[in-house]
Amino acid sequence: RNLPCFGHTSTCSQGISSVDNPLVCSGHSSWVLDVACHPSGQSFASGSSDSSVKLWDLSTRTCAQTIDQHSDQVWSVAFRGDGLRLASASDDQSIAIYEYAA
């Protein structure tokens with residue numbers, strides 16, 4: 001099975017085909033609890049126990065935006081199928097839905 005999420009394909013039937021040059025994006029101050037790839041494959045979102053959601057630009061490997069909507073750890077992030085909305089769920093007992101423009 002191929003995973004085109006990060007702008008390239010990796011063969012996952014026997015694991016990742018190469019770990020020599022992994023895509024690494026860092027910026028959260030605590031554990032990353034969830035990651036969601038945008039349907040375009042050009043960006044992704046991450047949720048963390050630092051209470052933030054970060055939006056990442058894969059072409060530059062940088063954080064494009066930090067959202068500090070939650071007051072407790074973010075367990076889940078997900079894009080709507082068309083990529084126009086992002087949802088996050090947190091231990092602060094809330095779900096936040098954001099309009100997304102790449």
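All residue numbers in this chain count up from 1 along the given sequence.
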* Asked: Looking only at atom types and distance, does a side-chain atom of Ser43 sit under 3.5 Å from a main-chain N or O of Asp57, one as donor and one as acceptor?
  -> no
* Structure fact -> Between Ala45 and Leu55 the two heavy atoms that sit nearest each other are CB-CD2, 3.8 Å
* Find out if a path of hydrophobic residues (ILVMFWY) with successive side-chain heavy-atom gaps under 4.5 Å connects Leu86 to Trp75. => no
* Asked: If every non-hydrogen atom of Ser30 is compared with every non-hydrogen atom of Ser48, which pair is closest and at what distance?
  -> O-OG, 3.4 Å
* Asked: Which heavy atom of Arg85 sits nearest a heavy atom of Asp82, and at what distance?
  -> N-OD1, 4.4 Å
* Can you list the steps and then say if Lys54 with Gln65 is a side-chain contact (heavy atoms from CB on, under 4.5 Å)? -> CA-CA 6 Å; Lys54 290 189 180 286; Gln65 184 175 359; over 6 Å; no
* Structure fact -> Sorted by chain and number, sequence neighbours left out, side-chain hydrogen bond (donor to acceptor under 3.5 Å, both in side chains) with Ser52 holds for His28, Asp50
* Asked: Ignoring hydrogens and geometry, is there a side-chain-to-backbone donor-acceptor pair from Ser76 to Ala89 under 3.5 Å?
  -> no
* Shortest non-hydrogen contact between Pro39 and Phe79, atoms and distance -> CD-CB, 4.1 Å
* Do side-chain atoms of Asp34 reach the backbone of Val77 as a donor and acceptor pair under 3.5 angstrom? -> yes
* To do: Applying side-chain contact (heavy atoms from CB on, under 4.5 Å), run through Gln42 and Leu58 and close with a yes or a no.
  => CA-CA 6 Å; Gln42 300 303 307; Leu58 290 173; 5.7 Å; no
* Asked: Relative to each other, are the rings of His38 and Tyr100 parallel, tilted or perpendicular (30° and 60° limits)?
  -> tilted
* To do: Look at the side chain of Ser90 and the backbone N and O of Asp72, then say whether any donor-acceptor pair between them is shorter than 3.5 Å.
  => yes
* Could you pull out the closest heavy-atom pair between Ser46 and Trp56, with the gap in Å? => OG-NE1, 2.7 Å
* Gln69 side chain reached by Ser88 side chain, heavy atoms, under 4.5 Å -> no
* Tell me, yes or no, whether the heavy-atom count around Ile95 atom CD1, taken from other residues, nucleotides or ligands under 6.0 Å, exceeds 12. => no
